[in-house]
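Each ligand, and each atom within it, is numbered from 1 in the order the structure gives.
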Amino acid sequence: MGQITFIEHNGAAHVVEIAAGQTLMQTAVDNGIPGIDADCGGACACGTCHVIVDNDWIQATGNINADEQGMLGLTPERADTSRLSCQITVSEALDGLIVRLPEFQM
Ligand code: FES
């Protein structure tokens, strides 16, 4: 159990339940979060699942590998705490996680 909050660029917040073992991208899609397109289905090949992780949570989301780093490099709205949500596996350790959505996905 646990919850994750997605905050749209316009400030609208969506609180969803954690489904441990899923990716953050799948969690967003399953809960109809607007602004997560996930065009490649989680293959780290599109960049349309970009989220900006709250500063307090960036360590807990794990490391960025070279493929993700490369895709993030193509993301116009990249921030210091940007991640691709398909590369984050959710667990109860992420209870309370807050992520923000960029204004646009590329
Ligand atoms: S779903 Fe395509 S990079 Fe994440």
Name each donor-acceptor pair under 3.5 Å that joins a side chain in residues 52-59 to protein atoms two or more places apart or in another chain, with its distance.
residue: Asp54; atom: OD1; partner: Arg100; partner atom: NH1; Å: 3.3
residue: Asp54; atom: OD2; partner: Asp56; partner atom: N; Å: 3.1
residue: Trp57; atom: NE1; partner: Gly96; partner atom: O; Å: 3.4

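Note: the hydrophobic cluster containing Leu74 also contains Ile64 (ILVMFWY, side chain heavy atoms under 4.5 Å, direct or indirect links). Val99 and Leu84 sit in two unconnected hydrophobic clusters of ILVMFWY residues. Membership requires side-chain heavy atoms under 4.5 Å apart, directly or through other members.
No side-chain heavy atom of Ile18 sits less than 4.5 Å from a side-chain heavy atom of Thr27.
For atom 4 (Fe) of ligand 1, the tally of protein N/O/S atoms lying closer than 2.8 Å stands at 2.
Within a 6.0 Å sphere centred on CG of Asn63, heavy atoms belonging to other residues, nucleotides or ligands number 12 at most.
There is no side-chain donor-acceptor pair under 3.5 Å between Asp39 and Gln105.
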